[in-house]
Amino acid sequence: MRKFSSLTDQEILALATSNEEEDGRIYSDFAYAIREKYPDTSKIFTDMSAEEDSHRRDLIDLYARRFGPHIPLIRRQDIADFIVRKPAWQVQTQGIEAVRQHARQMEMDAARFYRQAALRTTDAVTRKLLGDLAHAEDQHEQAANAIELDRLPLNKRESEDEDARRRFVLQVIQPGLVGLMDGSVSTLAPVFAAAFATHQPWNAFLVGMAASVGAGISMGFAEALSDDGKLSGRGAPLLRGLICGLMTTAGGIGHTLPFLINDFSAAMIAAVIVVVIELFVISWIRWRYQETPFGSAVVQIVLGGLLVFAAGVLIGSS
């Protein structure tokens, strides 16, 4: 995949053209899907789709003047750090509130992209167009926000700020959950393998601490280096890396601490109880913040945890 920082003016304009076409199609799909139940909202999405098409034509005109008629195909999924759009049909199945919120996020992402793109070009005309498009996307976001406020009854509006919640999920919950899952699940095998191989709780404790700290350092660096957060909106990479690393370490230490108990049987029972609690906490977080059905989250996480646990027991007992 290409890095955004490596794109030329020509490639940035080609990417912007592709983005506008895709966003316009999504708005058009939204408008068509909700035209009967929400005609006013549908009309606004139709207007937003038409404006995206106007932006696309402006970009094509500028591209043709600077670089000629051929526009290379460059898409979001070709660029590292870009959040790929969900297809319209997938969002529509979640209801009208999800559609409105998705529209707001699309405009925020588009405005962020144009501001970053404008900073990279040295051509005055190109920079002006990209700045104007960023302003236009901001206006779209306000329109999408007005849709949500106008349609939702006051007694059903959430008290918390949606933008703040999305940032919190993207910048804190997501890296923390990735770390917690990795730390809780990946360290099961070495900890319990050491426990069953030696029947010495202290040995299992040392292995668990080493695996937890090592995994925390590795995951922290991996998260911090994954992207700079400017295009994805995922926030400061150092903060994400710190959160991910600490949660990875915490996830492994949780079922390691019981092996401070000198009695092997008691330590093993306590460690298994902690593992069950960890897996259900992860399932709850996925249900609460990632809209994963709780039953599905439990099955996925517990099944994965049991497989890793069984691998540790079998290896340690062999």
Do the non-hydrogen side-chain atoms of [X] and [Y] ever get within less than 4.5 Å of each other?
X: Pro201; Y: Ile261; answer: no
X: Leu129; Y: Asp58; answer: yes
X: Leu130; Y: Phe113; answer: no

If I take atom [atom1] from residue [X] and atom [atom2] from residue [Y], how far apart are they, to the nearest 0.5 angstrom?
X: His255; Y: Leu279; atom1: NE2; atom2: CG; result: 9.0 Å
X: Thr126; Y: Ile12; atom1: OG1; atom2: CD1; result: 9.5 Å
X: Leu59; Y: Ser18; atom1: CG; atom2: OG; result: 11.0 Å
X: Ile79; Y: Ser6; atom1: CD1; atom2: OG; result: 7.0 Å
X: Arg75; Y: Asn19; atom1: CZ; atom2: CG; result: 11.5 Å
X: Met268; Y: Ile273; atom1: CE; atom2: CD1; result: 12.5 Å

Sidechain-backbone polar pair: [X] side chain, [Y] backbone, donor-acceptor under 3.5 Å:
X: Glu11; Y: Thr8; result: yes
X: Ser218; Y: Gly214; result: no
X: Thr248; Y: Gly179; result: yes
X: Ser28; Y: Gly24; result: no
X: Arg127; Y: Ala118; result: yes
X: Gln92; Y: Ala33; result: no
X: Arg240; Y: Leu225; result: no
X: Ser49; Y: Phe45; result: no

Using a strict threshold of under 4.0 Å (side-chain N to carboxylate O), is an ion pair present between [Y] and [X]?
X: Lys128; Y: Asp132; result: yes
X: Asp53; Y: Arg57; result: yes
X: Asp29; Y: Arg25; result: no
X: Arg2; Y: Asp78; result: no

Heavy-atom count around [X] [atom1] within 6.0 Å, excluding the residue itself: above 12?
X: Phe280; atom1: CZ; answer: no
X: Gln77; atom1: CD; answer: yes
X: Phe264; atom1: CZ; answer: yes
X: Asp263; atom1: CG; answer: yes

Test side chain to side chain contact (heavy atoms under 4.5 Å, CB included) on Gln10 and Tyr63 and set out the steps.
CA-CA 7 Å; Gln10 182 178 6; Tyr63 183 97; 2.8 Å; yes
Say whether [X] and [Y] are linked into one hydrophobic cluster, either directly or through other cluster members, by side-chain heavy-atom distances under 4.5 angstrom.
X: Leu177; Y: Val281; answer: yes
X: Tyr32; Y: Ile34; answer: no
X: Leu260; Y: Val191; answer: yes
X: Leu257; Y: Leu188; answer: yes
X: Trp287; Y: Met247; answer: yes

Applying salt bridge (Lys or Arg N to Asp or Glu O under 4.0 Å), which residue pairs with at least one partner in residues 13-22 are found, sequence neighbours left out?
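Passing the test, one end in residues 13-22: Glu22-Arg76.
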Mind running salt bridge (Lys or Arg N to Asp or Glu O under 4.0 Å) on Asp61 and Arg65 for me, showing each step along the way?
CA-CA 6 Å; Asp61 290 342; Arg65 289 197 299 270; 5.3 Å; no
Steps toward side chain to side chain contact (heavy atoms under 4.5 Å, CB included) verdict (Val178, Met219):
CA-CA 9 Å; Val178 169; Met219 288 293 291; 3.5 Å; yes
So Trp202 and Phe205, would you call those rings parallel, tilted or perpendicular, with 30° and 60° as cut-offs?
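Trp202 vs Phe205 ring planes: parallel.
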Quick one: sort the Phe30 and His102 rings into parallel, tilted or perpendicular, breaks at 30° and 60°.
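Ring orientation, 0 to 90° scale: perpendicular.
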So, for [X] and [Y], which heavy atoms are closest and what is the spacing to 0.1 Å?
X: Ser212; Y: Ile253; answer: OG-N, 3.3 Å
X: Asp9; Y: Arg120; answer: OD1-O, 4.2 Å
X: Ala271; Y: Phe192; answer: CB-CZ, 3.8 Å
X: Pro258; Y: Ala270; answer: CB-CB, 3.7 Å
X: Ala31; Y: Thr46; answer: CB-OG1, 3.3 Å
X: Phe259; Y: Ala195; answer: CE2-CB, 3.7 Å

Show your reasoning for whether side-chain hydrogen bond (donor to acceptor under 3.5 Å, both in side chains) applies to His55 and Thr17.
CA-CA 8 Å; His55 295 169; Thr17 302; over 6 Å; no
Using the rule given for side chain to side chain contact (heavy atoms under 4.5 Å, CB included), can you reason through Leu242 versus Leu246, listing the C-alpha separation, both sets of side-chain angles and the distance that settles it, and then say yes or no?
CA-CA 6 Å; Leu242 180 63; Leu246 289 176; 3.9 Å; yes
